[in-house]
Every structure is written in structure tokens, then in C-alpha cells.
Amino acid sequence: MDPLARYDPIVADPEAFRAACERPLPSVVRVNEIKATPDRVARAFEAAGVGFEPVGWHDGLFRLADDVSPGNTWPFVHGWVYGQEEVSALPARVLDPDPGERVLDPCAAPGSKTTQLAALMDDEGLLVANDSNLGRLSALRANAERCGVTSVAVTHADARHLSLKPFGVSERRSEARRTTSDGGEPFDRALVDVPCSCEGTVRKNPDVLEEWSPSHVEGIAGVQRDILGRAVEVTRPGGTVVYSTCTFAPEENEAVLDDVIADHDCRLVEFDLTLEHVAGVTEWDGDRYDPSVRRAKRVYPHHNDTGGFFCAKLEVAA
Amino acid sequence: MSREDGSSRENDGQRFDRLPATADERIVEGRVTRREVVTWWVERFGLEPAAFDGHTFWEKGAGKVWAFAADVGSPAEIEALGMTFLRTRQEHWKPTTDAIQRFGREATRNVVVLDDADARAFLRGETTDPDWDGDWGYLVAAHEIADDIEPIGVGLYLHGELRSQVPKGRRRQL
């Protein structure tokens, strides 16, 4: 079956949606503000004759000309830029961490969002970057180091059972900190960018449609629920958790949120997004979800000529 | 040998141990101190001592020092803590490429600025012959880009030539 056809009932313009999914995506880089400014990257690209244009909604994202291989430019060598799909730069900005905070990135590799979070934190604070795949972790480490990130602590664990123990209290300031049941301190924020069916990346990787199956959707949705639930548990009361995927499947998006807000003390909150998008769906395939899942946002490829994306912001009850 | 607090008198290559602040607080024999690490950077590259106030320093593996912008309990059994910063195992301490790229822009001495051709050769991992009459040893190899000087990596200046220390995986033919 054509996995994209199943979304006809929820996509307002299925023809535009399908047409956009068939177009390749331009190469985009994000400026790493730990090491450079958008202005300096722009001047370096201009001096080197690299064709680029700003994306409009985000000062630090440049679409590159078709003939540019970003890895072979001085700005890449210096760690000034990171190749990152335009919409994938969304969730870190929605999480909006502050310098000095404790932030969790439970599904971090290969690190585009991790390095973006570190830059938003001015590389100050504790950024725990976890992944279950050791090979992908080494890519994460290489990317973080090239970007000059020093605030990241890298862990190798199953995100469904993440332990806070390694991030227990440093003996030097134990008085000021509260701890959770397993001995660690809770996080101020978490960015839960889970593994998913990835149809939203079809413009970059058409193979995702070949690999798609209903049983995979069902299996991975259970994993996503557990990862998001654990992230909520280890975030402090009043803290923020952002959930994101690059799939259009409501089973992996709104249904996961619906379960987690029912089982955990947290709620969906509104957020602003300047990119064109639509609200989360409250009905799918005979199921109904909590009306608050409308606060989540769906970005389809035909909206802004990007990949597809899903993003929701949750607040842990105070 | 382990003490009650989990710390050991020997280095354990599988975990991170925070460097002692000074020699008086040293438990593991031969472990460098925070003061020595900061002093080395400050003296070698002329940084402000305050440049590292926000960082803790850790050892994982004998002589491999990491810089971390936060603090956790020591020892820490995790994959990575901040960035690799300095190797102190050899007689001559060696900064890492990542540390030079991150902190080397604040360097005020032992910075060799390469012309465009030499900068490209340096990035390819080649030995170059720049104009340099300063110290021997590890230098910040930099070039001018977008109206300012930017470090590329570590160069070893010996016998009148600059040997690129750019790791194989980071070399590029631009």
C-alpha cells in the first residue's frame, strides 16, 4: 500500500501534499552560534562563492545552492555550520532552553538538535544527550566536538528506562539541589525527538516508504509512549517537555500524546510557530483523542516546501 | 584500591574522575590538577585565566583531560563529558583540535596565521613552512576568514616546519 495515501482524510490538499513529497529537498545548514554568527557565515560563503539564501523564518538557517557540498567548506571545517533539515530546527526552538539549565535529549544521535540546544543554552548548563545506538553515539560525539560543545554529557541507555543516577548531586553543591527517587536531579526541560516511521523525510530518503508497515507503526508507538513518559517523569514540576517526530502517522503523534497526558501529570500547552502548519488531529481511524492534542502542530511538506514534521509542547504539573 | 566514597588511588580508564583542584587534594598518583591544566593553557596561549572559570576538568584514561561546562558527581560512568581538551601523558602536553578550535580564538600568543595555500595544505594534513620565529612546540594554526582570525587546529612547530596535527577523519581537500 501507499503509506502516504492513508493521510488523504487529514491533509486538506492531498494533491499538493503528494506532489511536494516527490520533490527533492534543498540542502540546508544551521549556523552554530557557539562558534559563529549568521553574518560571519554569510560573509565566508560569499567570499568562497558558495550560493545560499536565508530561509526567512529563522536567521540562522541557509538553503544552499544545488551544487554545494557543505562538508567541503571552511565554515563546516570550523564547526560554524551543521547540515540540518529546515523543519528539524523547530523543536529545539520550541523547547527554548536557557543558559545554565539542566536539559535532557533522550534520543540525541546524530546530534543536530543536541548541538542546537547547546547553542541556545550558550553552551552553559548540563545537556544530557542519550542514545541507545553506540554507532550513532560516536557520530553524535564527533558532531558535538566539531561544534565546540562542552556542556554535553553523553550516555548510552534505553531512553525508556533512563537513569538519573549519573547526574546526581555534585558533592560541592548538594545543599541547593533536590533529587528524584533514583538519586539524580530532575531536568528543567526535555526534547523528546523519538525514533519514528519518518515519512516526513521522504523528500530526502524515498526508501522510508518501502520500509513502512502497519506493524512497525504499532510497535514503535509503544516505544514512543514509554520514552515520552519517562522524560515527563524525570522533568521537574513546572518544567517543559517537547515531543517531536518526522512522521504523519497519528498513531505515533496525537495518540502517543493522548496516552501520556492520561497517564502522567502533565498537559499540552500552546506555542507560536511562524511556519505554516495545521493543528493536531483529534480523530483518526475510529479513535478519538483528548481535545487538547489540537495544541500540537503538523507541518506538511507542501506548507513551506520543507520536510514533514510534528511537534507538541507539554508542561509538567507544578 | 577503592575508598569509601568510590574514588580510587589508581586511574580507571572506563570512567571520568574530576581533576583535583590542586596537588594538596590529589588522591590518584600522577593525576594532573585543575590548576596545572589551566596554567598550561594560560601560559602557552596567553588566555585570560578566567576563560575556564565555567568549566570542570576530568580525566578518562591516563592523561586524557576533558573540559565540561557543568558539574556532576565524580566518578561519572558515562560515554563522554564535554570535550576532549588536553593530553598530558607525554612529556609535552598536547591540546586537542576541538579545544584549539573552541578556545584558541582567545589565544594571544603561539598563534601562527597561515596564508590561504598553507591553510589548505594544513587542513590536508601536510607539513608547511610558514614564517615563524616564535616558540617551538604546539601552536594554534589559524587563518583569516570573514575579516577575522579563526583557529583551524593544532600545529607542531619543529626544526623550522609546521606539522599538521589535524586528525585523519577531519582532514579535507577544499
Side-chain angles (χ1 to χ4, degrees), chain A residues 34-37 39-48 71-80 100 102 118 121-131 134 137-138 140-142 144-157 165-174 183-184, chain B residues 5-7 15-16 18 21 52-58 66-85 96-105 116 119-120 122-124 142-153 166-167 169-174:
Chain A
I34 294 173
K35 285 183 158 183
T37 59
D39 177 57
R40 197 157 180 218
V41 170
R43 279 183 288 143
F45 277 155
E46 276 162 14
N72 272 334
T73 62
W74 276 116
F76 181 87
V77 167
H78 288 308
W80 291 3
R102 294 169 65 86
M121 295 163 70
D122 292 341
D123 198 31
E124 293 170 21
L126 173 65
L127 174 54
V128 174
N130 175 75
D131 207 272
L134 212 47
L137 268 188
S138 75
L140 165 74
R141 283 194 42 202
E145 292 203 317
R146 185 179 60 83
C147 290
V149 176
T150 61
S151 54
V152 72
V154 178
T155 61
H156 175 221
K165 267 190 197 141
F167 313 106
V169 193
S170 158
E171 54 264 49
R172 282 200 258 153
R173 49 182 197 190
S174 54
Chain B
D5 64 356
S7 64
R15 64 179 209 198
F16 289 83
R18 194 188 304 110
F52 301 110
D53 280 0
H55 287 86
T56 56
F57 294 94
W58 301 73
W66 298 57
F68 180 42
D71 201 359
V72 294
S74 175
E77 303 214 9
I78 58 178
E79 300 295 318
L81 213 48
M83 71 162 53
T84 56
F85 184 70
T96 65
T97 299
D98 297 310
I100 286 292
Q101 283 200 354
R102 171 68 199 272
F103 299 102
R105 57 175 58 185
D116 191 52
R120 288 166 192 270
F122 181 86
L123 186 62
R124 291 194 296 267
H143 72 148
E144 193 180 330
I145 176 170
D147 309 321
D148 210 342
I149 303 298
E150 184 74 7
I152 305 167
V166 175
R170 301 279 283 269
R171 292 177 191 168
R172 289 279 185 293
Q173 169 91 43
L174 293 191

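Residue numbers begin at 1 in each chain, while the letters A, B, ... track the order of the sequences. Computed from a prediction, not measured in an experiment: that's the story for all the values here.
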* Name the region of A:Val77, side chain, backbone, both or neither, that has any atom closer than 4.5 Å to a heavy atom of chain B. => both
* Sort A:Phe45 into side chain, backbone, both or neither according to what part of it lies under 4.5 angstrom from a heavy atom of chain B. => neither
* To do: Can you see which heavy atom on A:Ser151 is nearest to which on B:Ala69, and at what distance?
  => CA-CB, 3.7 Å
* Structure fact -> Residue set satisfying side chain to side chain contact (heavy atoms under 4.5 Å, CB included) with A:Ser138, at least two apart, ordered chain then number -> none
* Salt bridge flag under 4.0 Å for residues A:Arg40 and B:Glu150 -> yes
* Structure fact -> When the 4.5 angstrom heavy-atom criterion is applied to B:Ala119 and chain A, the contacting part is both
* So what's closer than 4.5 Å to chain B heavy atoms on A:Leu140: side chain, backbone, both or neither? -> neither
* Asked: Between B:Gln101 and A:Lys35, which heavy-atom pair has the shortest distance, and what is it?
  -> OE1-NZ, 2.7 Å
* Quick check: does any side chain N or O of B:Arg102 sit under 3.5 Å from a backbone N or O of A:Ile34, one acting as donor and the other as acceptor? -> no
* Structure fact -> Looking only at heavy atoms, the pair that brings B:Arg120 and A:Trp74 closest together is N-CZ2, 4.1 Å
* To do: Specify the closest pair of heavy atoms between A:Val152 and B:Phe68, including all atoms of both residues, with the distance to one decimal.
  => O-CE1, 3.8 Å
* Highest number of heavy-atom pairs under 4.5 Å with chain B: which of A:Gly71, A:Ala142, A:Ala42, A:Ala48? -> A:Gly71
* Asked: Any side-chain heavy atom of B:His143 within less than 4.5 Å of one from A:His78?
  -> yes
* **For chain B, the option from A:Gly125, A:Ala144, A:Ala47 that forms the most heavy-atom pairs under 4.5 Å** => A:Gly125
* Asked: Does the side chain of B:Phe85 come within less than 4.5 Å of A:Thr150's, by heavy atoms?
  -> no
* **Heavy-atom pairs under 4.5 Å with chain B, option from A:Arg141, A:Arg43, A:Glu145 with the top count** => A:Glu145
* Asked: Can you name the one residue among A:Leu134, A:Thr155, A:Asn130, A:Asp131 that meets side-chain contact (heavy atoms from CB on, under 4.5 Å) with B:Glu79?
  -> A:Leu134
* Structure fact -> Smallest heavy-atom separation, A:Ala44 atom then B:Ala146 atom, equals N-CB, 4.1 Å
* **Region of B:Thr97 that comes under 4.5 Å of a non-hydrogen atom in chain A** => neither
* Which atom names give the shortest non-hydrogen contact between B:Ile78 and A:Pro166, and what distance separates them? -> CG2-CB, 3.7 Å
